[in-house]
Amino acid sequence: MKRTRLSVCTRKARFASAADALAVARTASVLLRPYRCDRCRRFHLTSRTKGMRMGRLEVEG
């Protein structure tokens, strides 16, 4: 798995939990999913799906 670039981490919103991030993702006009950042250990949102495993929350959401 690739490591998140620090420049990407610092410009994205950070959420304390996946549930907090998912609540914001549900209000977006595009499909977003939360992921835990390996830099800050908080949650960010992404629209990327290539090479990603889809968890139950994203599939059922």
Pairs touching residues 4-38 that satisfy ring-ring contact (aromatic ring centres under 6.0 Å, His included), sequence neighbours left out:
Tyr35-His44
Are Arg36 and Arg42 close enough that some pair of their side-chain heavy atoms sits under 4.5 Å apart?
no
Lys12 and Thr46, any side-chain heavy atoms less than 4.5 Å apart
yes
Using the side chain to side chain donor-acceptor pair (under 3.5 Å) rule, collect all pairs that involve residues 13-25, keeping only residues at least two apart or in two chains.
Ser17-Asp20
Looking only at heavy atoms, which two atoms of Pro34 and Ala21 are closest? And how far apart?
CB-CB, 3.7 Å
For Leu45 and Ala25, which heavy atoms make the closest approach, and how far apart are they?
CD2-CB, 3.8 Å
How many angstroms lie between OG in Ser7 and CZ in Arg11, if you round to the nearest 0.5 Å?
5.5 Å
